[in-house]
Amino acid sequence: MTARGQGRTAFAYLTPALLVLAGLLAYPIYQLVLISLYDYGQEQVSGGAPLTFLGLGNYQNLLGNQQFWTVLGQTVAFAAVCVVGTLLVGAFLAILATRVRTWVRMTLFLAALGAWSTPAVAGSTIWLFLFDANFGFVNEVLGIQGFSWTFDKWTAFGLVAAQVIWCSFPFVMVTLYAGIKAIPGEVLEAAALDGASAFRTAWSVTLPLLRPIILVVTIQSIIWDFKVFTQIYVMTNGGGIAGRNLVLNVYAYQQAFAASEYGLGAAIGVVMTVLLLVITLFYLRALRRSGEVL
Amino acid sequence: MTATLAKPPADIAWEPEQPRRKRNVGGFLNWVATHALGLALGLMFATPVVFVFLTAVMSDDQAFTADLWPREWHWENFVEVFDKAPLFQYLVNSLTYSLLATAGMLISSIPAAYALAKLQWRGRNVAFILVIGAMMLPPQVVAVPLYDTWSSLGLTGTLWPLIVPYFLFDAFSIFLLRQFMLTIPQSYVDAARVDGCSEFQALVRIIVPMAKPGIAATALFCFLFTWNDYFGPLLYTGEVKDQWTLSLALATFKGMHIVQWNSSMAVTFLTMIPAVVLFVFAQKSFVKGITFTGVKG
C-alpha cells in the first residue's frame, strides 16, 4: 500500500482517540492551567470573594517555598527507588516463570494476581498490620518487637516503597512474560540452529526484541510511582510526622483540599504533569539517540 | 506468504520446559534451586493475601486481635457478608463495568495501536506523544470538567461515563498494545501487503494472532484496573447506591460495619476471585498455541 494509503488508514483508526484527546482532555488541561493562575480558595468557590488573577503568583509562591523543593526531591528519589525495585523484581520473576514447571509458575502468577487485585487501601492496611511494631508478623519473625517501621522517616519510606513494589511488580512480570511468549518461535529456533548458547540467545535475540516492552513497563512505572498517593496517605497517616514523608501528589491534595487553596493545588498539578512529560521525553530521546526503535 | 500453522516443535533448546533425563547432577541441582526459589518467592509475595484470608475466617472478636491464625474457622463469614450488603447487585455492576470497558478497549485500542506501530504516516510521532501525555494527567485533574460534560448529558449516577470512553480511547492500552506490536518483525506485515492483504486484513489475520499474548495481557490489565477502580465509581455513582461497584462498596464496608475486620476482609477476598478466574482463562493465550513457520515466497 502506498504511504498515502497508510496515512489514510492510520487516520481512520486513530480518529476516535484523537477526538477524545482533543475534546475531553485538552479542555480539562486548559481549565487546570487557568485555575492555577487565580487565587482560588474556599471563599472564591462559595462566591464570597471575587476572583483575583495572580498570573504566575501561585507558581512563584510554590517555587519560593522550601518545603516544595524538599517534597520534590523526596518524590523523585522515592519514585526512582520504586521504579528500579519494581523493574528488577518483575523482570526476575518473569524470567523465573519461563524456566519453571507449570505448578510453580501458577503459584507465582497467583501471588502476583493476589497482590494486584488487592485494592490499594486494603493492601496498605494489611501491610501496616504485618509490620505492626508490637503485634506484627514481621517483627515477630525478626525478633524485634517494639520496633516501629513508620516512626523513622527512612524506614517509613522504605516500608511504603516495599508496598508499592509489591503491588506494581505484577504488571511488569505479566507484561514481560507475555512479551517473551510473543516472540516468534522461529527467531529463537534460528538462533539455536546457528549454534547460539542460551545466554547468547537471551542477550542478542530476546532482549533486543523485548525493548519495546521494557520501554512500556519503564514509562508506566515512572508515571505510577511518581503519582503514588494512597500508600503514602494511608501508611504514613497523611504524609508522616510533620509532613516529612510527603510526596508531590499528597502535597497537592493537602494544599488543594485540606487547605482549600485550589489555585495552588492546580499549580502543583501542572508542575507534576510538566515534570513527568519532561522526564519521559528525555528518556525517549535518549533511547532514540542510542539508535533504538521506539 | 505461505503461513503454515504448525504446533511448536516438541523439543527446542530455548524452551526448558521439559527437563532432559540425561542431565548431569549440576543441571538437576540447578533445576531444584530454580523451582525452590520460584516457590519460595511465590509464597512470600502471597503472604498479605493469605493474611486477608485468615482474618476473613476469624470470629468477630478474634479479628480484632493481633492473632494470625484463626482459633475457630468461621467459614460462614463468607456467606453472612451477603446479608450485610447487596453484594450480588454490586457484583453485577462491577462485571458490567469491567467486561464492557475491556471489550470497548479492545475494539478501540487495537486499530489505534496498529496505526501507531505498523503504519508509516506523517504526524505519527506527534500522535504517539499525545497518547503518552494523556497517561500522565492525574485523573483527579480532569475529573471536574468531565463530570460537567456527563452531567449535561444526564448520565451521571450511572456507570456509562466510565464505560463509554473505553470504546473510543484508552491511552494506557494503546501504548501497551503498540509496544507489543512493535516486537513483531515488520517483515510479516510487509509480506502480507505484498500478497495483496489490505491493512485491515493484515491487522486481523497477521498482527492480532501474533500479538495474542500481548492482547491477553492488556485485556487482563484493563479488567483489573476497572475492577479495582475506586475513584471513578465514587465520582459518578457515589450518591446512587444501587449502581455501586464492589470496590466502592468495599471501601464503605468499613464505615458501615466499623469494627468488623473479618467481614471487610471476607469481601476483599471475594472481590479477588473474579480476577483470578479471568487470569486462568487469559493465561492460555500466553502459551504459544500457534506459530507461523517461515516467511516463504
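Heavy-atom basis, side chains included; hydrogens, waters and symmetry copies ignored. Below, chain A is the first sequence line, B the second, and so on; all start at residue 1.
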Heavy-atom proximity to chain A below 4.5 Å, by part of [X]:
{"X": "B:Asp170", "answer": "neither"}
{"X": "B:Phe269", "answer": "neither"}
{"X": "B:Ser247", "answer": "neither"}
{"X": "B:Pro185", "answer": "side chain"}
{"X": "B:Leu224", "answer": "side chain"}
{"X": "B:Met265", "answer": "side chain"}
{"X": "B:Ile110", "answer": "neither"}
{"X": "B:Ile184", "answer": "neither"}

Please assess B:Phe221 against A:Thr175 for the test side chain to side chain contact (heavy atoms under 4.5 Å, CB included), listing each intermediate value before the final yes or no. CA-CA 9 Å; B:Phe221 299 155; A:Thr175 310; 3.2 Å; yes
Of the non-hydrogen atoms in [X] and [Y], which two are nearest, and what is the gap between them?
{"X": "A:Ala178", "Y": "B:Gly214", "answer": "CB-N, 4.4 Å"}
{"X": "A:Arg101", "Y": "B:Trp31", "answer": "CG-CZ2, 3.9 Å"}
{"X": "A:Lys227", "Y": "B:Met135", "answer": "NZ-O, 3.5 Å"}

Should we count CZ of B:Phe200 as having more than 12 external heavy atoms under 6.0 Å?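 At most 12 heavy atoms, drawn from other residues, nucleotides or ligands, come within 6.0 Å of this atom.
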Is there a ring pair (Phe, Tyr, Trp, His ring centres under 6.0 Å) between B:Phe231 and A:Phe229? Walk through the geometry before answering. CA-CA 12 Å; B:Phe231 183 71; A:Phe229 180 88; 9.7 Å; no
Chain B heavy atoms under 4.5 Å from [X]: which part of the residue, side chain, backbone, both or neither?
{"X": "A:Ile223", "result": "side chain"}
{"X": "A:Tyr253", "result": "neither"}
{"X": "A:Val89", "result": "side chain"}
{"X": "A:Leu93", "result": "side chain"}
{"X": "A:Leu277", "result": "both"}
{"X": "A:Leu276", "result": "both"}

Rounded to the nearest 0.5 Å, how far apart are [atom1] of [X] and [atom2] of [Y]?
{"X": "A:Leu14", "Y": "B:Leu119", "atom1": "CG", "atom2": "CG", "answer": "9.0 Å"}
{"X": "B:His35", "Y": "A:Leu96", "atom1": "NE2", "atom2": "CG", "answer": "8.5 Å"}
{"X": "B:Leu176", "Y": "A:Leu215", "atom1": "CG", "atom2": "CG", "answer": "11.0 Å"}
{"X": "A:Ile126", "Y": "B:Thr47", "atom1": "CD1", "atom2": "OG1", "answer": "11.5 Å"}

Is any side-chain heavy atom of [X] closer than 4.5 Å to a side-chain heavy atom of [Y]?
{"X": "A:Ile219", "Y": "B:Phe175", "result": "yes"}
{"X": "B:Leu203", "Y": "A:Tyr13", "result": "yes"}
{"X": "A:Ser117", "Y": "B:Trp227", "result": "no"}
{"X": "A:Thr118", "Y": "B:Asn228", "result": "no"}
{"X": "B:Phe45", "Y": "A:Leu108", "result": "no"}
{"X": "B:Leu39", "Y": "A:Trp103", "result": "yes"}

Suppose we call two aromatic rings close when their centres sit under 6.0 Å apart. Are B:Phe172 and A:Phe171 close by that rule?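 Centroid distance B:Phe172-A:Phe171: below 6.0 Å, so yes.
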Are the ring centres of A:Phe137 and B:Phe51 closer than 6.0 Å?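 Between A:Phe137 and B:Phe51, the centre distance exceeds or equals 6.0 Å.
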Chain B: which of A:Phe92, A:Phe226, A:Phe169, A:Trp127 shares the most heavy-atom pairs with it under 4.5 Å?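 Highest number of heavy-atom pairs under 4.5 Å: A:Phe169.
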Determine whether A:Phe129 and B:Thr55 satisfy the following criterion, side chain to side chain contact (heavy atoms under 4.5 Å, CB included), listing intermediate values before the conclusion. CA-CA 11 Å; A:Phe129 263 123; B:Thr55 309; over 6 Å; no
Looking at chain A, which one of B:Phe167, B:Tyr114, B:Phe180 has the largest number of heavy-atom pairs inside 4.5 Å, strictly under?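 Option with the top pair count is B:Phe180.
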Largest heavy-atom contact set with chain A, pairs under 4.5 Å, which of B:Ala112, B:Gly42, B:Ala115, B:Pro48: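 Option with the top pair count is B:Pro48.
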Evaluate side chain to side chain contact (heavy atoms under 4.5 Å, CB included) for A:Leu284 paired with B:Ile132, printing each intermediate quantity in order. CA-CA 11 Å; A:Leu284 287 176; B:Ile132 290 196; 4.0 Å; yes
Test side chain to side chain contact (heavy atoms under 4.5 Å, CB included) on A:Leu281 and B:Ile129; report intermediate values, then the result. CA-CA 8 Å; A:Leu281 288 181; B:Ile129 293 197; 3.7 Å; yes
Please check: side-chain N/O of B:Gln179 versus main-chain N/O of A:Ile213, any donor-acceptor pairing under 3.5 Å?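 Not at all, since once roles are kept as given, no pair shorter than 3.5 Å links the two residues.
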